[in-house]
**Student:** 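Structure in structure tokens, see below.
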There are 2 protein chains.
Amino acid sequence: MSITIKDVARQANVSVATVSRVLNNLPGYSEDTKKKVLGIINDLGYQPNAIARGLINKKTKTIGVLLPNVSNLFAADVLAGIEDIAHEMDYSVVICKTDKSGERTLKYLQMLREKQVDGILFVSEWMKEEYYEVISRMSIPVVLVSTKSDYPLPYVKVNDFEASYDAVNYLLNKGHRSIGMIAGTEGDLIATSPRVEGFKKALLDEGIDDEPAIVYGDFAFETGITGMEELIEKYPEVTAVFCASDEMAVGALSYLYKKNIRVPDQIAVVGYDNTSAAEKAIPPLTTVGQPLYEMGRSAAEMLLKKRPTSNVVLQHKIIERETVK
Amino acid sequence: MSITIKDVARQANVSVATVSRVLNNLPGYSEDTKKKVLGIINDLGYQPNAIARGLINKKTKTIGVLLPNVSNLFAADVLAGIEDIAHEMDYSVVICKTDKSGERTLKYLQMLREKQVDGILFVSEWMKEEYYEVISRMSIPVVLVSTKSDYPLPYVKVNDFEASYDAVNYLLNKGHRSIGMIAGTEGDLIATSPRVEGFKKALLDEGIDDEPAIVYGDFAFETGITGMEELIEKYPEVTAVFCASDEMAVGALSYLYKKNIRVPDQIAVVGYDNTSAAEKAIPPLTTVGQPLYEMGRSAAEMLLKKRPTSNVVLQHKIIERETVK
DNA sequence: TTGAAAGCGCTAACAT
DNA sequence: ATGTTAGCGCTTTCAA
């Protein structure tokens, strides 16, 4: 049996109410009793039971983070930001790796509800109606990270259209006229369409109205390889490639290396995200940076401090390294 | 106010005890009442409160994972394994990023205790006495992952000495006679000394008794760059380098690339870990693989299934790619 | 088969 | 300044 507030009360010859008061820094006891109680607490090594507290306060000081995957640098950075804010504010974070499975997501949502978490961060995933239904029933704050939805849920993200537009513009300014794109998952409305549109618009604004040289992948390394191959085959004239993720950009680099095509001399490549993989690539990858860690922090802050209301759009930024000359 | 077991009981015209019984699949009610109760539960959208349950059961169905960092591929893979097992067994996992800070670690430990977690996974960190003291007071199972200690705490890891020995041997078999090493943090007894010893032993067993060509880093990318530079300066004769982490190996590759030193032709390099960075490196990195995901799974299984007892040593394996010819 | 009631460890009125 | 007591939502004896 572990030590409870009763034990402390008994030893200190006071009531549990008094112990509770000193524990919570409420008024209502003399300096003397405070000293005594604190002394006993220390002697006994007493620690309050957060479960009992949660039952009465209806606050658990924990939040849930739903994300498709934990094994990539993108998630890792966002998570680090979330964790830091949570820790600062004495919250715990429970991770829920959904594997992009609807069933798994729903199960997690139910678990988070049963465990009475105080808030939810929903990262990089499409908010389905069935998710929203259970979420809205929970009546706890939710903020979306790196995604958005048609529901009244605040989000923290970057402007994908503008980021993409800027990336292509950057390439244009460097003199490229024939630019290809390895886009994300076809049909993805969050991280693919806006980037594709930004890409097209930048070209159009420059008066380039060739058929857009676009191939699709799924944001992962492998499709960077295959995407690059496909792109070169279909559009051999491209002198630069804009990839919708660093992962794919690194895949593209791999392919190019294998084919002995020099970067940036023969083909320039630009990534997206600025995960730590970008600086470690060979050559170091020029990319459009999203403030990943900051996104996590900002979302967690919004969830925990202010009642989540308005959206926040974080600034992207072209990080120049060595894959464009 | 959300729906409680009382509401269900009232609506169903039974006592809360009966509702509790059907909820927990205990005997003691007719098929009829079961149907009725289940019906009401469904109508009302009732979900049990895990906090109230936890208070009485003294089980929270959650475990804590302490790890120095979440923003790297090593942690990410281990975490994925842990998360999968936890999910299978209906446990939640709360992450505690210690940043290698003793103070922060202690604070997390206290929080985990207050929140009454059912078990703790302690990853990649040195188990200090002060940690062990509070851990042993908690009387819950703990398992170490990728680390070990002098205390009676079971661990899941690889045999670092042997892994290192094998890596060097591999290089020896490829004909290298002058092999350097970029080791981990000097003084680290878990992931540095055993690997350094394995390195030395392999050389000695081959009859090579030159002064060992070793420089130290801290496992991270940057020290791979500086380590490689230092190594070449001090030991210009080396034709192969064994790095104590993939991160450092990738850093070494970067340096070599910048200096126009061809890999593997002029210098061969071998990493350690086999994180996903290895296959994405240019050239793809030959490395000694640790089963990271499996380590996470195995540790979580041990924590949750069997009462943790004996240690488990997972098998390492040389993954041949293109940085050694 | 079912219900009443005690109690898990704590907080928060309400008394004194 | 301090104590008594009624719960928080649930499980679990013990009776009926």
Side-chain angles (χ1 to χ4, degrees), chain A residues 1-38 40-41 44-62 110-111 113-118 138-140, chain B residues 1-38 40-41 44-62 110-118 138-139:
Chain A
M1 272 311 59
S2 64
I3 299 151
T4 76
I5 198 173
K6 272 190 189 167
D7 301 313
V8 177
R10 195 175 319 118
Q11 292 265 344
N13 276 314
V14 296
S15 70
V16 294
T18 298
V19 179
S20 177
R21 286 185 192 105
V22 348
L23 239 27
N24 296 287
N25 273 311
L26 296 174
Y29 45 84
S30 65
E31 221 15 63
D32 258 21
T33 46
K34 175 174 179 176
K35 284 239 160 55
K36 188 169 49 177
V37 168
L38 254 18
I40 301 288
I41 284 178
L44 262 40
Y46 166 75
Q47 292 206 238
N49 181 328
I51 299 300
R53 275 184 168 168
L55 185 56
I56 184 159
N57 293 333
K58 277 130 174 33
K59 286 265 160 290
T60 49
K61 285 269 190 180
T62 108
Q110 175 179 338
M111 184 221 75
R113 180 172 174 193
E114 292 188 358
K115 296 216 170 135
Q116 318 287 131
V117 298
D118 298 339
M138 295 172 70
S139 53
I140 56 171
Chain B
M1 274 310 59
S2 65
I3 298 150
T4 76
I5 198 174
K6 273 188 186 168
D7 301 314
V8 178
R10 196 174 318 120
Q11 293 264 340
N13 276 313
V14 297
S15 70
V16 294
T18 298
V19 178
S20 176
R21 286 187 190 104
V22 348
L23 239 27
N24 295 288
N25 273 311
L26 296 174
Y29 45 83
S30 66
E31 225 8 70
D32 258 20
T33 46
K34 175 174 178 176
K35 283 240 162 56
K36 190 169 49 178
V37 168
L38 255 17
I40 301 289
I41 284 178
L44 261 40
Y46 166 76
Q47 292 206 238
N49 181 328
I51 299 300
R53 275 185 167 166
L55 184 56
I56 185 159
N57 292 333
K58 277 131 172 34
K59 286 262 160 292
T60 49
K61 285 268 188 181
T62 107
Q110 175 179 339
M111 184 221 74
L112 291 174
R113 180 171 174 195
E114 292 188 358
K115 295 217 170 135
Q116 319 286 131
V117 298
D118 298 339
M138 294 172 71
S139 52

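Owing to the predicted nature of the structure, the values given are computational and were not obtained by experimental measurement. Letters go in sequence order (proteins before strands), and every chain restarts at 1. Side chains are part of it too, since the values below use all heavy atoms of this structure and drop only hydrogens, waters and symmetry mates.
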**Student:** Just how far, in rounded Å, is C1' of C:dC10 from CD1 of A:Ile41?
**Tutor:**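 Distance check: A:Ile41 CD1 to C:dC10 C1' gives 13 Å.
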**Student:** When you compare the side chain of A:Lys34 with that of A:Arg21, does any pair of heavy atoms fall below 4.5 Å?
**Tutor:**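 In short, these two side chains do not touch, never coming nearer than 4.5 Å.
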**Student:** With a cut-off of less than 4.0 Å, is there a side-chain N or O of B:Ser20 near OP1 or OP2 of D:dT11?
**Tutor:**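 For D:dT11, OP1 or OP2 has a side-chain N or O of B:Ser20 closer than 4.0 Å.
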**Student:** Just the rounded figure in Å: distance from C1' of D:dG9 to CG of B:Asn57.
**Tutor:** 12 Å
**Student:** Given atom CG of B:Asp32 and atom P of C:dT2, what is their separation to the nearest angstrom?
**Tutor:**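 Between P of C:dT2 and CG of B:Asp32: 8 Å.
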**Student:** Which distance, rounded to the nearest 0.5 Å, do you find between the CD1 of B:Ile41 and the CG of B:Asp7?
**Tutor:** 11.5 Å
**Student:** If you take any heavy atom closer than 4.0 Å to DNA chain D, which residues from residues 45-54 of chain B end up in contact?
**Tutor:** B:Tyr46, B:Pro48, B:Asn49, B:Ala52, B:Arg53
**Student:** Please report, rounded to the nearest Å, how far the P atom of D:dC8 is from the NZ atom of A:Lys59.
**Tutor:**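 These atoms are roughly 17 Å apart.
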**Student:** CD1 of A:Ile5 versus P of C:dA12: gap in Å, rounded?
**Tutor:** 11 Å
**Student:** Using the 3.5 Å cut-off, write out each protein N or O paired with an N or O of nucleotides 3-6 of chain C and the distance between them.
**Tutor:**
unit_1, atom_1, unit_2, atom_2, d
C:dG3, OP2, B:Ser15, N, 2.8
C:dG3, OP2, B:Ser15, OG, 3.2
C:dG3, OP2, B:Thr18, OG1, 2.9
C:dG3, N7, B:Arg21, NH1, 3.4
C:dG3, O6, B:Arg21, NH2, 2.3

**Student:** May I ask you to verify if any side-chain N or O of B:Lys58 is less than 4.0 angstrom from the OP1 or OP2 atom of C:dG9?
**Tutor:**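 For B:Lys58, the contact criterion (side-chain N or O under 4.0 Å from OP1 or OP2 of C:dG9) is met.
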**Student:** Could you tell me how far apart B:Leu26 (CG) and D:dT13 (P) are, to the nearest whole angstrom?
**Tutor:** 10 Å
**Student:** Indicate the atoms forming the closest heavy-atom contact of B:Ile5 with B:Ser20, along with that distance.
**Tutor:** CD1-N, 3.8 Å
**Student:** So, is A:Ser30 close to the D:dT2 phosphate, meaning a side-chain N or O under 4.0 Å from OP1 or OP2?
**Tutor:** yes
**Student:** Which atom pair, heavy atoms only, marks the closest approach of A:Thr18 to A:Tyr29?
**Tutor:** CG2-CB, 4.4 Å
**Student:** Just how far, in rounded Å, is P of C:dT2 from CD of B:Glu31?
**Tutor:**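 Computing the B:Glu31:CD to C:dT2:P distance gives 11 Å.
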**Student:** Would you mind reporting whether A:Thr60 and A:Ile51 have side-chain heavy atoms less than 4.5 Å apart?
**Tutor:** no
**Student:** Can you find a heavy atom in the side chain of B:Leu44 that is under 4.5 Å from one in the side chain of B:Val8?
**Tutor:** yes
**Student:** Measuring to OP1 and OP2 of D:dA1, would you say a side-chain N or O of A:Thr33 lies under 4.0 angstrom away?
**Tutor:**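 A:Thr33 to D:dA1 OP1/OP2: no side-chain N or O under 4.0 Å.
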**Student:** Can you check whether A:Lys61's main-chain N or O pairs, donor with acceptor, with B:Lys115's side chain at less than 3.5 Å?
**Tutor:**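 The answer is yes, because a donor-acceptor pair under 3.5 Å joins these two groups.
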**Student:** Strictly below 4.0 Å: does B:Lys6 bring a side-chain N or O up to OP1 or OP2 of D:dC8?
**Tutor:** yes
**Student:** How close do B:Val37 and B:Val14 get, heavy atom to heavy atom, and via which atoms?
**Tutor:**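 Smallest interatomic distance, heavy atoms only, reads CG2-CG2, 4.1 Å.
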**Student:** Does A:Ile140 reach the side chain of A:Val117, with side-chain heavy atoms less than 4.5 Å apart?
**Tutor:**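 They are in side-chain contact.
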**Student:** Tell me whether the side-chain N/O atoms of A:Asn24 come closer than 4.0 Å to OP1 or OP2 in C:dT11.
**Tutor:** yes
**Student:** Round to the nearest Å and state the distance from A:Lys115 atom NZ to D:dC8 atom P.
**Tutor:**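 Checked: the NZ to P distance equals 23 Å.
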**Student:** Is there a side-chain contact between A:Arg53 and A:Leu23, using heavy atoms and a 4.5 Å cut-off?
**Tutor:** yes
**Student:** Pick the closest DNA chain C nucleotide for B:Pro27 and for B:Leu55 by heavy atoms, then say which residue is nearer the 5' end.
**Tutor:** B:Pro27
